[in-house]
Amino acid sequence: MSRSLNMPGSRPPRTVWEAISPFRLIGELSETRYWMYLLLLPSALLITAVVLYPTVYGMQMSFREMRLNRPDLGNDWVLFKHYVRMINDPIFWVSLRNTAVWVTSSIVLEFLIGLIAALALNRDLPGTKLLAVLILLPYFLPNVVAGHMWALMLDPRMGVINDLLLKVGLLTEYKAWFADPTTAMAAAIIVEAWHSFPFFTLLIMAGLKGIPTDLYKAANIDGAGAFAQLRLITLPMLKTIIAAAVILRVIGLVNSPDLLLILTSGGPGRSTQVLSLYAFQMAYKDFNFGYAGALSVVMFVFLMLFAWAYVRLSKVNQE
């Protein structure tokens, strides 16, 4: 037995079998500084298998020619061919611009509605608990259900929303919201905001419970109004929660094309085409997994840069 495993005060082994016993080896190893690395080993293996390997494989795929409908091309290394094509691809630039509009508008709308709902539900009034459950219901609906439900309500022939707008005089005729390039993106953003604003509501409500009420009492004594308290107390105290919620929602919006796929499929005329939907169509419609992998890598880089810049500019890591 090596000296490193014979800890001070430990009883020396009586037989050879006792010296090589796994229980004795584990017991002696648990007293060394290497024990913590062994405890982390299962988690490291799991992360490698579930996260790191698929990520690295996806990046590797972006440097290969992988077209399932063209097996004659093989799967050789093409290096930066897909990225050069991306630079000269007009659909990529349209998708990038639409992604910026889609993500920014949805985040702003979801945050504002979620903040208003959280502030309203934070008051100790009768019926607020029931109202909180009703407000959170849209977030429990799968995107597929929410998308088809809104597609039916906004249907130009039998949609209930068109009928209501006609009755109140806001429309003169039935409108095909998702077939018009000028309204398709706006309609999809409204549907997305309705579906996901409870995410902000839930997190902001949890943060409001942690703000000391003494701060608001002191502000009332000093004569600060509701808007001043929101600007000087509530929002600064919720900075960390808001930053985490925004980053998570940006990641979800950039990577999830399912709602747009159901409502518009990127149309009409690419007016709602975003990067994730373009990558999905490249992979499962054109079977060009190499180019789809390159689009995914670009989205990954953009998300990493956004998260780094947002955390740095918001200064949440300095608190």
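Note that this is a predicted model, so its numbers are computed, not measured.
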* Structure fact -> Closest heavy-atom pair, W194 versus A146, reported as atoms and distance to 0.1 Å, is CZ3-CB, 4.1 Å

* Structure fact -> Correct closest heavy-atom pair for S276 and M299 would be N-SD, 3.5 Å

* Quick one: pull up CG in L131 and CG in L121 and give me the separation to the nearest 0.5 Å. => 5.0 Å

* Asked: Is there a path from F287 to L295 through hydrophobic residues (I, L, V, M, F, W, Y) whose side chains come within less than 4.5 Å of each other?
  -> yes

* Can you get from M282 to Y57 by hopping between Ile, Leu, Val, Met, Phe, Trp and Tyr side chains that sit under 4.5 Å apart? -> yes

Can you give me every donor-acceptor pair (side chain of residues 135-144, partner residue at least two apart or in another chain, under 3.5 Å) with its distance?
from	atom 1	to	atom 2	distance (Å)
N143	OD1	H195	ND1	3.3
N143	OD1	H195	NE2	3.3
N143	ND2	D258	OD1	3.3
N143	ND2	D258	OD2	2.7

* Asked: Residues in side-chain contact (heavy atoms from CB on, under 4.5 Å) with I161, at least two apart?
  -> W150, M153, L154, L165

* Asked: Any cation-pi pair here, R85 with Y291, using under 6.0 Å and within 45°?
  -> yes

* Asked: With ILVMFWY side chains joined below 4.5 Å, transitively, what does L41's cluster contain besides itself?
  -> L45

* Derivation and outcome, side-chain contact (heavy atoms from CB on, under 4.5 Å), residues N69 and D286 -> CA-CA 8 Å; N69 57 347; D286 295 344; 5.6 Å; no

* To do: Report yes if the side chains of V298 and F302 come closer than 4.5 Å at any heavy-atom pair, otherwise no.
  => yes

* Asked: Can you list the steps and then say if D89 with Y278 is a side-chain hydrogen bond (donor to acceptor under 3.5 Å, both in side chains)?
  -> CA-CA 12 Å; D89 186 1; Y278 189 33; 2.6 Å; yes

* Are side-chain heavy atoms of S271 and M185 found at a separation under 4.5 Å? -> no

* To do: Kindly work out whether a path of hydrophobic side-chain contacts (I/L/V/M/F/W/Y, heavy atoms less than 4.5 Å apart) joins M149 to V160.
  => yes

* Show your working on side-chain contact (heavy atoms from CB on, under 4.5 Å) between N162 and D155 and close with a plain yes or no. => CA-CA 8 Å; N162 274 319; D155 187 86; over 6 Å; no

* **Beyond-backbone contact of N220 with Q229, side-chain heavy atoms, under 4.5 angstrom** => yes

* For side-chain contact (heavy atoms from CB on, under 4.5 Å), just list the numbers for L170 and L164, CA-CA rounded to whole Å, side-chain angles, deciding distance to a tenth of an Å, and then say yes or no. => CA-CA 9 Å; L170 294 178; L164 291 175; over 6 Å; no

* Asked: Applying the 4.5 Å side-chain criterion to the ILVMFWY set and letting contacts propagate, would V103 and F197 be lumped into a single cluster?
  -> yes

* To do: Assert yes or no for the condition that the ring centre distance of F289 to Y284 is strictly below 6.0 Å.
  => yes

* Asked: Can you find a heavy atom in the side chain of F306 that is under 4.5 Å from one in the side chain of V246?
  -> yes

* Asked: Donor-acceptor pair, T99 side chain versus L275 backbone, under 3.5 Å?
  -> yes

* Heavy-atom side-chain contact between K209 and N122 under 4.5 Å -> yes

* Asked: Got a donor-acceptor contact below 3.5 angstrom from the W93 side chain to the I87 backbone?
  -> yes

* Asked: Do I116 and M205 share a hydrophobic cluster (ILVMFWY, side-chain heavy atoms under 4.5 Å, transitive)?
  -> no

* Please name all residues satisfying salt bridge (charged side-chain N to carboxylate O under 4.0 Å, His left out) with D180, sequence neighbours left out, ordered by chain then number. => K175

* Connected hydrophobic set around V50, excluding itself, where side chains approach under 4.5 Å -> L46, I47, V51, L52

* Asked: For L238 and I204, which heavy atoms make the closest approach, and how far apart are they?
  -> CD1-CG2, 3.8 Å

* Do H82 and E65 have side-chain heavy atoms sitting under 4.5 Å apart? -> yes

* **F200 side, atom CZ; R249 side, atom CZ - distance, nearest 0.5 Å** => 7.0 Å

* To do: Compare every heavy atom of F178 with every heavy atom of A187, then report the nearest pair and how far apart it is.
  => CB-CE2, 3.6 Å

* Determine the minimum heavy-atom distance between S106 and E192, stating which atoms define it. => OG-CG, 3.9 Å

* When you look at OH of Y174, are more than 12 heavy atoms from neighbouring residues, nucleotides or ligands closer to it than 6.0 Å? -> yes

* With side chains defined as the heavy atoms from C-beta onward, is the minimum distance between M237 and P212 less than 4.5 Å? -> yes

* From NZ (K217) to CG (D222), nearest 0.5 Å -> 14.5 Å

* Asked: Looking only at heavy atoms, what is the nearest atom pair of A49 and P54, with distance?
  -> O-CD, 3.6 Å

* State the CG-OG1 distance between L261 and T272, to the nearest 0.5 angstrom. => 10.0 Å

* Take L203 and F199, measure what side-chain contact (heavy atoms from CB on, under 4.5 Å) needs, and give me the verdict at the end. => CA-CA 6 Å; L203 293 183; F199 176 79; 3.6 Å; yes

* From CZ (F300) to CG (N255), nearest 0.5 Å -> 10.0 Å

* Side-chain heavy-atom pair V94, I91 within 4.5 angstrom cut-off -> no

* To do: First locate atom OG1 of T104, then atom CG of L109, and finally report the distance between them rounded to the nearest 0.5 Å.
  => 12.5 Å

* Asked: For M158, what are the other residues in its hydrophobic cluster, where any two members join if their side-chain heavy atoms are less than 4.5 angstrom apart?
  -> L152

